[in-house]
Every structure is written in C-alpha cells, then in structure tokens.
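Order of appearance sets the numbers: ligands from 1, and atoms from 1 within every ligand.
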Amino acid sequence: MKRVLIQGGRVLDPQSGRDEVCDVLVEGGKIAAVDREIAAEGCEVIDAGGCWVTPGLIDLHTHLREPGQEYKEDIASGGRSAVAGGFTTVACMANTHPVNDDPSVTDYILDRALHDSPARVFPIAAATQGLKGELMTEMHALVAAGAVAFSDDGKTIMDAGVMRRVLDYAHGVGRPVIVHAEDCTLVGEGVVNEGLVSTRLGLPGNPATAEVIQVARDLHLAELTGCHLHVAHVSTAGAVDLIRAARDRGIFVTAEVTPHHLALTDEATLNFDTNAKMAPPLRSAEDRDACRRGLADGTLDAVATDHAPHAVQEKDVEFTKAPPGIIGFETAIPVVLDLVREGILSPLELIRRMTINPARILHLEYGTLTPGVPADITLIDPEKSWVYDPAKGYSKSRNSPWTGKPMQGRVVSVLVGGEPVYDVERGILTP
Ligand code: DOR
C-alpha cells in the first residue's frame with residue numbers, strides 16, 4: 001500500500017483544534033496518522049517545512065459553466081484552477097445551459113467531474129425550473145441524482161410564496177437552500193454600489209438595502225419553515241446584523257462571504273474596471289469591515305469564492321454591459337491571508353471557514369485530517385511572494401481584479417485522496 005509522509009509542516013486541523021508542527025501519514029489514500037515525528041521508512045516523503053498543512057480547502061460556491069458555456073470554463077479547467085488554488089472540493093451552481101434543474105444535468109456534471117476534474121465536484125441544483133422563480137424543481141429526484149443543495153444563484157426568487165414552498169420541500173429532503181439575496185426591484189439597472197462612487201461614475205447604483213430587505217424576508221421564511229437557509233455572498237453590514245440576530249433567535253441560517261467582498265470596496269470600480277463588477281457589487285468600507293467582523297465572530301461561517309468566469313470579449317465592453325462576476329480560485333488564499341496578517345482571524349479560524357464549515361453546510365465528509373477520512377490535503381506557504389497573472393493560471397477566463405498584483409502566500413502542493421494533483425513547480429499532476 002502506498003504511504004506518503006508529509007513532514008514537518010504546521011498542521012492546522014480545525015475539526016480537532018490542532019495547530020502544531022507535526023507529520024501527516026497517508027496510507028492507501030486515507031489519513032492514517034497525525035503525530036510528531038512519524039517514522040519515514042517505506043514512505044514517499046513531502047517536506048512541508050515552513051508550510052501550513054491543512055485539510056483540502058472546500059469552496060461551496062462556484063460556477064464551472066459546463067454544460068453550455070465551455071468557452072468561459074469547463075469542469076476540467078475549473079477543476080484544475082480549483083486545485084491550483086488549494087480547493088480539493090467545490091460545489092457548482094446551477095446557472096449552466098441547460099440549467100441544472102433536471103437529474104440528467106446533475107448526472108452529466110458528476111460524470112464529467114469524475115473523468116475530467118482533479119477536484120471533487122458536487123452539483124447544486126436549481127430551486128426553480130429554469131431559474132425562473134416560478135415552479136419548483138423535482139427536489140427528491142435531484143437529491144437522488146447527487147445534488148447537495150438548491151439554489152437559483154445569480155437570480156433572486158422574488159415570489160415569497162414560491163420561496164416558502166422551496167424552503168418547505170428542501171427541508172423535507174434535508175438540504176439547504178442557498179439564496180442570492182438581492183431584491184431586483186431595488187437593484188433595478190444598478191451595476192455598482194449606490195453611493196458616492198456610483199454618483200462619481202455616473203452609473204446606476206445598486207443600494208445595500210436591496211440585499212438587506214431580501215435577507216430579512218428569507219430569514220422570516222426560514223423561521224416559518226425550519227429549513228436550513230444559507231445566504232450566499234453577503235456584502236452588507238445590514239445583512240451581517242440580521243443574520244447574527246436571527247442566529248441568536250435560533251433560526252437555522254448559515255452564510256458565506258467572498259474574498260473580494262472582504263478585500264475590496266466600490267472604489268475598485270472608480271476606473272470603470274469591469275473586472276471589479278460582480279453581483280452583489282463591491283460595497284463601502286463600512287460594509288467590508290462589517291463582513292470582516294462577521295467572519296471573525298462566526299456570523300459568516302464560510303469563505304466562498306463565487307468563481308465566475310467570463311470571456312475577455314464579454315468583459316471588454318462598457319461597464320453597464322459587462323456580465324457580473326470574477327474568477328477566484330487561484331487568488332483566494334493570498335487575498336484572505338491578509339485577514340491573518342491584520343490580526344482579524346487566526347490561521348486555524350481562517351482554515352475552519354474554508355474546510356470543515358463549508359463541509360458541514362453541505363453535509364460532506366471532507367474538510368478534516370481525522371484518521372480514516374480521504375486524504376485531501378493542501379500545503380500553503382504563507383510567506384511566498386509572487387505576482388498574479390491569470391494567463392499563467394488554469395481557468396479559461398482572465399476576469400480578475402488582481403491581474404498583475406503582487407501576492408503574498410501561495411498554495412504549493414495539493415493531494416486528493418492521497419494522490420498529488422498539484423505542485424506549484426510542476427503544475428497539474430493528473431491527466
Ligand atoms: O457576480 C456574479 N456572477 N454573481 C452571481 O451571482 C452570478 C455570477 C455568474 O454566474 O456569473
């Protein structure tokens with residue numbers, strides 16, 4: 001049986017609370033032991049000196065664009081980009097073409113992932129047919145096919161009666177509903193955060209209130225139905241406050257925040273950079289700081305990239321016409337490491353929000369280094385300096401606001417099921 005010893009790294013395993021320099025032994029694709037000075041006889045040794053050794057990162061919110069928009073990304077390229085960013089497991093949203101509102105699409109995604117992706121891929125099915133917000137999908141059949149959650153992400157279910165039924169039925173099949181919370185009547189034509197920046201740019205604004213109102217409604221409906229509500233890409237102080245208060249009242253709610261909403265503000269759009277356009281938009285510094293506090297105090301459970309590839313020709317247009325979204329796998333770690341450097345989160349707490357927390361939200365068995373589980377492991381050099389160039393990355397798309405920016409911290413090595421799949425020097429290691 002193949003034995004791999006990851007030697008001398010700083011092991012961060014939030015599930016057990018372990019944060020110490022030690023070794024990790026992998027045997028037959030599973031974690032066999034985590035201990036100080038494990039004997040190296042008969043092992044392939046990976047020197048992890050100076051690195052963090054974490055459970056494989058889990059991204060619960062991604063867009064892999066297959067089926068239907070393979071010119072932006074496909075499951076193979078998205079999976080490669082994911083592991084290059086340290087993500088061994090990703091969940092992919094349903095806004096593909098056709099929409100993942102039918103078990104045949106769920107099956108297709110799982111089949112492609114099995115053959116093409118070095119990362120594990122879990123499909124999120126649509127909550128309503130065609131993402132139209134009108135008729136529910138066949139939730140039982142979709143779960144049987146392998147869907148791990150329901151979401152119309154990219155769109156808001158505006159009809160509260162439909163949303164109530166979606167929550168009721170998802171509760172019945174024991175799966176969370178992930179909401180894209182933006183009241184479209186308030187968003188209107190808005191393309192940037194409503195405020196000083198939208199006024200200066202002369203662009204239509206999207207008010208923070210559009211998110212806050214929608215989150216308030218969905219929290220009430222979660223209370224009514226008892227369903228697990230997961231709020232995607234929280235971007236406003238108001239939503240953070242509502243989620244915190246709802247959690248205190250015992251409502252079953254979890255939430256995520258993206259690296260970009262933690263790092264950037266609407267000022268990043270002042271030069272009309274369409275690579276800083278996303279939905280929800282980048283907000284004010286107060287909103288960003290509230291998201292950071294919410295992540296630190298556990299109100300926001302997870303960091304999720306919302307990796308949303310768009311082709312160069314789609315983004316290289318007027319700001320109002322560009323589609324929203326940015327790629328995010330390969331920049332996530334250096335961007336969120338700033339939170340550790342600024343003393344907002346400890347390394348262990350940051351890794352918790354990128355491993356065991358998203359695993360629990362989606363009921364996945366991954367996200368820990370507990371002996372016996374599949375050996376999905378990420379090695380991170382928190383000090384490594386590099387310059388991000390999406391053309392050297394693995395996504396088919398280039399739409400990143402961090403293009404050409406200096407980065408500190410990099411994923412250097414990744415194992416999935418005990419097999420090396422990525423190494424910063426050698427690149428992707430699987431076919
Ligand atoms: O910016 C975004 N892009 N937000 C979404 O919710 C959807 C995503 C996409 O699919 O491009």
ring-ring contact (aromatic ring centres under 6.0 Å, His included) pairs, two or more places apart, involving residues 167-206: H180-H233
Geometric class of the F122/Y366 ring pair [parallel <30°, tilted 30-60°, perpendicular >60°]: tilted
Any side-chain donor near an acceptor of the partner, D153 and H63, under 3.5 Å: yes
Parallel, tilted or perpendicular, as decided by the 30° and 60° cut-offs, for the rings of F329 and F87: tilted
R288 side chain to T265 side chain, donor-acceptor N/O pair below 3.5 angstrom: no
Under 4.0 Å from ligand 1, counting heavy atoms only: the protein residues, by chain and number: H63, R65, N95, D153, G154, H180, H233, M278, A279, D306, A308, H310, P324, G325
Polar side chain donor-acceptor pair, D152 to T128, under 3.5 angstrom: yes
